[in-house]
Chemist: 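First the structure, then my questions, so here it is.
Counting begins at 1 with the first residue of the sequence.
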Amino acid sequence: MSDFTHVTFEGLGIDFDLPSVAFSVGGHDVKFYGLIIAFGFTLAVLYGGRGAWKWKMSLDGMTDVLIWGTIFGIICARLYYVAFEWDYYKLNLHEIPMIWNGGIAIYGGIIGALIGAAIGCKIGKIDYLNLLDLGALGLLIGQGIGRWGNFFNQEAFGSNTTTALFRMWSPKIQATLQQTSAQLAEKGMTVDPNVPVHPTFLYESVWCLLSFLILHIIVTKKREFKGEIFMLYGVLYGAERMIVEGMRTDSLYIGSSTIRVSQLLSAIIVVVALAFFTYFMIRCKKGKLPQKMLPIIPDERPKKEKPEKKAKKKSK
């Protein structure tokens with residue numbers, strides 16, 4: 001099988017060969033998907049580390065959070081996916097640990113990371129709400145960059161479109177739609193393997209990175225209470241996922257229904273996060289939620305006081 005697939009962006013009038021393998025080491029292929037995910041994860045960690053330093057959070061404690069959050073995040077991302085694809089995995093139990101073959105869910109990863117982070121905060125004596133605010137920003141960085149791994153794999157795309165400016169098509173997309181057209185038809189989605197599709201990976205990437213910029217400005221200048229950024233993350237990301245998930249052709253469904261798991265969960269997250277944000281904002285404005293906020297910028301470390309200059313005597 002070729003390491004390249006020919007991708008066409010009809011609306012932009014461009015096409016090119018897209019590689020899936022970055023390089024090989026010792027006879028093993030290193031794919032762009034893994035490199036991009038690792039790159040996004042690294043940037044998220046660096047941003048979180050910088051924020052922790054600014055907020056005077058223990059770096060040893062943050063290491064505990066990183067370790068526990070990563071372990072639980074990976075495990076839960078896989079278990080979440082397996083749970084909603086159980087009809088397949090119950091007949092192939094040996095494939096459950098084979099995460100390298102694909103099959104993880106971002107919401108499962110977030111749930112696992114939250115559990116792991118709580119354990120890490122307990123061990124490292126880190127304020128959990130402050131950690132959630134930093135973590136939300138890190139998640140948006142990782143998600144915004146990581147979605148480009150889906151592009152190199154030519155996966156996580158949407159339904160057919162002939163009008164979207166960034167509509168794309170490739171032989172790999174064609175093959176995927178040919179294999180899944182019958183299952184999609186059962187869910188009420190008719191697809192044509194020869195027609196371009198929505199690049200839903202791109203929609204989510206742009207939304208996540210823009211959301212990061214907005215929330216970074218808020219956490220820098222206007223954060224009112226601990227946990228605020230995490231709640232706004234739930235509103236922003238949940239709203240995007242609720243919309244974009246409705247376009248995708250690789251959704252996980254609840255049983256044999258046509259209800260998309262991520263779309264339903266996103267709607268619930270938006271409502272709950274917005275309700276909590278409104279409640280805490282009202283309490284904050286009434287002065288019933290006294291909290292000393294620690295903006296990432298400027299640095300809040302105490303500055304040395306300059307010696308007062310003696311007043312000059314006026315000459316008579």
Side-chain angles (χ1 to χ4, degrees), residues 44 47-48 51-52 54-55 57 65 69 72-73 76 80 105-122 126-144 147 203-247 251 254 259-298 300:
Y47 180 87
K54 289 285 188 180
W55 287 3
M57 298 164 74
V65 169
F72 273 77
C76 289
Y80 185 102
I106 184 62
Y107 272 136
I110 292 173
I111 293 169
L114 291 176
I115 296 172
I119 296 173
C121 283
K122 185 71 174 178
I126 297 289
D127 187 307
Y128 189 52
L129 289 178
N130 269 337
L131 187 279
L132 288 181
D133 284 345
L134 271 183
L137 290 162
L139 279 171
L140 288 172
I141 294 174
Q143 289 170 289
R147 278 301 177 193
Y203 301 159
E204 182 158 328
S205 175
V206 172
W207 186 282
C208 286
L209 294 177
L210 287 176
S211 296
F212 166 76
L213 290 176
I214 292 170
L215 295 187
H216 175 74
I217 292 172
I218 293 175
V219 81
T220 300
K221 306 293 184 183
K222 298 290 292 182
R223 189 170 72 129
E224 299 285 349
F225 57 90
K226 296 176 184 178
E228 177 184 358
I229 304 304
F230 183 70
M231 294 173 196
L232 290 175
Y233 164 80
V235 174
L236 289 173
Y237 179 69
E240 176 273 324
R241 189 63 186 267
M242 185 171 56
I243 296 170
V244 174
E245 188 69 22
M247 303 179 187
S251 297
I254 298 177
I259 301 174
R260 300 169 191 256
V261 177
S262 292
Q263 199 167 31
L264 175 61
L265 183 56
S266 295
I268 294 172
I269 289 173
V270 169
V271 172
V272 173
L274 188 57
F276 271 103
F277 173 76
T278 303
Y279 171 74
F280 282 105
M281 184 59 77
I282 291 173
R283 283 178 59 83
C284 183
K285 294 301 182 183
K286 290 182 177 180
K288 296 181 179 180
L289 199 68
Q291 295 181 3
K292 183 182 178 183
M293 294 299 94
L294 297 172
I296 289 182
I297 299 173
E300 287 229 335

Chemist: Any heavy-atom pair between the side chains of Ile243 and Tyr203 that's under 4.5 Å?
Modeler: no
Chemist: Do the non-hydrogen side-chain atoms of Cys121 and Val65 ever get within less than 4.5 Å of each other?
Modeler: yes
Chemist: Do you know which two heavy atoms are closest between Val219 and Tyr47, and how far apart they sit?
Modeler: CG1-OH, 4.3 Å
Chemist: Looking at Ala117 and Leu131, what are the two nearest heavy atoms and their distance?
Modeler: CB-CD1, 3.7 Å
Chemist: Nearest 0.5 Å please: distance from the CG atom of Leu132 over to the CG atom of Asp127.
Modeler: 9.0 Å
Chemist: If every non-hydrogen atom of Ser262 is compared with every non-hydrogen atom of Glu245, which pair is closest and at what distance?
Modeler: CB-CD, 3.7 Å
Chemist: Side-chain contact test, heavy atoms from C-beta onward, threshold under 4.5 Å: evaluate it for Glu240 versus Leu210 and give yes or no.
Modeler: no
Chemist: Checking the side chain of Trp207 only, and the main-chain atoms of Leu236 only, is there a donor and an acceptor separated by less than 3.5 Å?
Modeler: yes
Chemist: Kindly indicate whether the side chain of Leu134, heavy atoms from C-beta on, has any atom under 4.5 Å from the side chain of Asn130.
Modeler: no
Chemist: From Phe277 CZ over to Phe225 CZ, what is the distance, rounded to the nearest 0.5 angstrom?
Modeler: 5.5 Å
Chemist: Nearest 0.5 angstrom please: Lys286 NZ to Met281 CE, how far?
Modeler: 14.0 Å
Chemist: For a quick test of reading the model, state the closest non-hydrogen atom pair linking Gln263 to Met242 and the distance between them.
Modeler: NE2-O, 2.9 Å
Chemist: Rounded to the nearest 0.5 Å, what separation is found between the CG atom of Leu209 and the CG atom of Leu213?
Modeler: 7.0 Å
Chemist: Nearest 0.5 Å, please: how far is CD1 in Ile115 from CD1 in Ile110?
Modeler: 12.5 Å
Chemist: Applying salt bridge (charged side-chain N to carboxylate O under 4.0 Å, His left out) as the test, list every pair that has at least one member in residues 129-143; sequence neighbours left out.
Modeler: Asp133-Arg223
Chemist: Would you please name every residue forming a side-chain hydrogen bond (donor to acceptor under 3.5 Å, both in side chains) with Ser205, sequence neighbours left out?
Modeler: Trp148
Chemist: State, to 0.1 Å, how close Ala44 and Gly138 come at their nearest heavy-atom pair, and which atoms those are.
Modeler: CB-O, 3.2 Å
Chemist: Compare every heavy atom of Ala136 with every heavy atom of Tyr233, then report the nearest pair and how far apart it is.
Modeler: CB-CB, 3.7 Å
Chemist: Roughly how far apart are Tyr237 OH and Ile106 CD1, rounded to 0.5 Å?
Modeler: 5.5 Å
Chemist: Between Arg241 and Ser266, does any side-chain donor sit less than 3.5 Å from a side-chain acceptor?
Modeler: no
